[in-house]
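A quick note: this is a predicted structure, and the numbers were derived from the prediction, not measured. We count residues from 1, following the sequence as given.
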Amino acid sequence: MRHLLNILELSVEEIDRLIATADDIMETPAKYENACAGKILATLFFEPSTRTRLSFESAMLGLGGRVLGFSDSSSSSAKKGESVADTIAVASAYADIIAMRHPKEGAPLVASLHSRVPIINGGDGGHWHPTQTLTDLLTIRHEKGRFDGLTVGLCGDLKFGRTVHSLLEALSRYPGVRFVLISPRELELPPVVREECIDKRGIPCKTCRSLEEAMGELDILYMTRIQRERFASEEEYQRLKDSYILTPEKLQAAKADMIVMHPLPRVNEIDVQVDDDPRACYFRQAYYGRYIRMALILMLLAESGAGKGVPDKARPRLPESLLPGGSCQNPHCITTTEQGLEQRFTRTEAGEYRCFYCEHKAE
């Protein structure tokens, strides 16, 4: 069974094929209008979403399929205490493919162990968001014409920003890419992400505290909001929420062909006056999201075949824990809430132990 939990599960060649399919769908939509006739997509969103959920639903409807699901955990049996494993075991009996979002990191991995059908990760906490990354890559290909040789500035919440983490993973595989990280110290990129995506691959990277310092050298400015829902205290959020606000005045120092991207929703980090600038492409970015998700649904359904797998609900296949007695200290990990989920740790080539579910480093 093929799932998509992390962008690195797709090769560069597969991403190119998905982009080519998305382009073909945009050019000849009639050819695909019955491609998923008789198929059902379940959108299981344990956390609120507008673009991701609606674009998945629009994608499946555009392919001639049908949709069922829920838009937040309060309208599901999760409110009664049902585990992710049990929810997925049931929902996968009613659908041919599942797109899910969950506030706990590693939840889609747990889901994949108990599903009869492909699982697509629509975002898990501050961990990964591979379909947003596919959307970002399709946007970059259309707006810049290439992935290699670009200087990419990522601004705002780099600590909890799952879209940032996934985009770094994807772009780090292309030659000549350079990153500029713009954030307050409290919201810097997690060390594990920097080590894996940047340092190990020898990618040039610069850290800045202000937008003005970096603006003139960027080909892409990827803005993110400061995510209120990820903070432990309201006081800390209030202190950091207005760290970066992009205005027309700040854009004057940017290249004429630089593009401004944002996964949305925005709060106040991009002044609405910027919307009129031709370099602002965040609403076009949302448009592209529908078509790349159509391409992904087609790929996963084709690779899963006609039948559904039947996982062993009681004993999913898990790797042996290499840190017996260890306990993940990440408060956002799915192990903190999932019933009966055993702790698992794997070991990296560098000899570090990391949680099997959220990849948090064992202290």
Side-chain angles (χ1 to χ4, degrees), residues 1-16 104-113 119-121 123-134 136-137 147-150 152 154 158-181 183 187-207 316-336 338 341-363:
M1 184 67 60
R2 181 80 184 269
H3 308 286
L4 180 61
L5 310 180
N6 180 341
I7 192 65
L8 287 184
E9 294 171 353
L10 294 173
S11 67
V12 170
E13 293 73 23
E14 286 176 319
I15 289 173
D16 286 342
K104 291 295 184 179
E105 298 170 12
L109 174 56
V110 171
S112 72
L113 298 170
I119 297 290
I120 302 174
N121 180 6
D124 59 326
H127 198 206
W128 303 120
H129 195 346
T131 66
Q132 179 62 51
T133 302
L134 288 172
D136 297 341
L137 292 175
F147 298 129
D148 57 296
L150 294 170
V152 183
L154 301 116
L158 309 188
K159 179 179 181 180
F160 300 114
R162 58 193 171 201
T163 62
V164 167
H165 303 166
S166 291
L167 185 59
L168 281 167
E169 283 274 23
L171 288 178
S172 65
R173 296 191 284 185
Y174 295 93
V177 169
R178 177 174 173 263
F179 296 122
V180 180
L181 307 178
S183 73
L187 296 176
E188 285 184 338
L189 195 69
V192 62
V193 179
R194 177 153 188 158
E195 290 167 15
E196 295 295 325
C197 300
I198 299 173
D199 297 342
K200 275 187 179 180
R201 299 171 188 178
I203 296 173
C205 182
K206 173 181 175 180
T207 299
R317 295 181 180 86
L318 292 170
E320 178 184 356
S321 179
L322 300 180
L323 189 64
S327 178
C328 183
Q329 300 304 303
N330 176 10
H332 306 290
C333 181
I334 187 62
T335 58
T336 63
E338 185 74 355
L341 188 62
E342 297 180 23
Q343 298 279 348
R344 288 284 189 280
F345 286 85
T346 57
R347 192 175 182 180
T348 67
E349 292 180 2
E352 297 174 340
Y353 293 96
R354 297 197 181 277
C355 175
F356 171 65
Y357 306 98
C358 73
E359 301 175 292
H360 190 77
K361 181 179 177 181
E363 302 299 335

Tell me the closest heavy-atom pair linking Leu171 and Val177, and the distance in Å.
O-CG2, 3.6 Å

Calculate, to the nearest 0.5 Å, the distance between atoms CZ and NE2 belonging to Phe345 and His360 respectively.
8.5 Å

Distance-minimising heavy-atom pair for Leu154 and Phe179:
CD1-CD2, 4.0 Å

Return the CG to CD distance between Leu189 and Glu195, rounded to the nearest 0.5 Å.
10.0 Å

Verdict with supporting geometry, Asn330 and Cys355, side-chain contact (heavy atoms from CB on, under 4.5 Å)
CA-CA 9 Å; Asn330 176 10; Cys355 175; over 6 Å; no

Verify whether one side chain among Lys104 and Thr336 offers a donor that lies under 3.5 Å from an acceptor in the other.
yes

Give me the atom names and distance for the closest heavy-atom approach of Glu9 to His3.
OE1-O, 3.4 Å

Taking all non-hydrogen atoms of both residues into account, name the closest pair between Ile119 and Pro108 and its distance.
CG2-O, 4.1 Å

Please name the pair of heavy atoms, one in Arg162 and one in Asp124, separated by the smallest distance, quoted to 0.1 Å.
NH1-N, 3.8 Å

Check side chain to side chain donor-acceptor pair (under 3.5 Å) between Ser166 and all other residues, then give those that pass, not counting sequence neighbours.
none

Considering residues at least two apart in sequence or located in another chain, which fulfil the salt bridge (charged side-chain N to carboxylate O under 4.0 Å, His left out) criterion with Arg2?
Glu14, Glu303

Does a donor on one side chain and an acceptor on the other come within less than 3.5 Å for Glu359 and Trp128?
yes

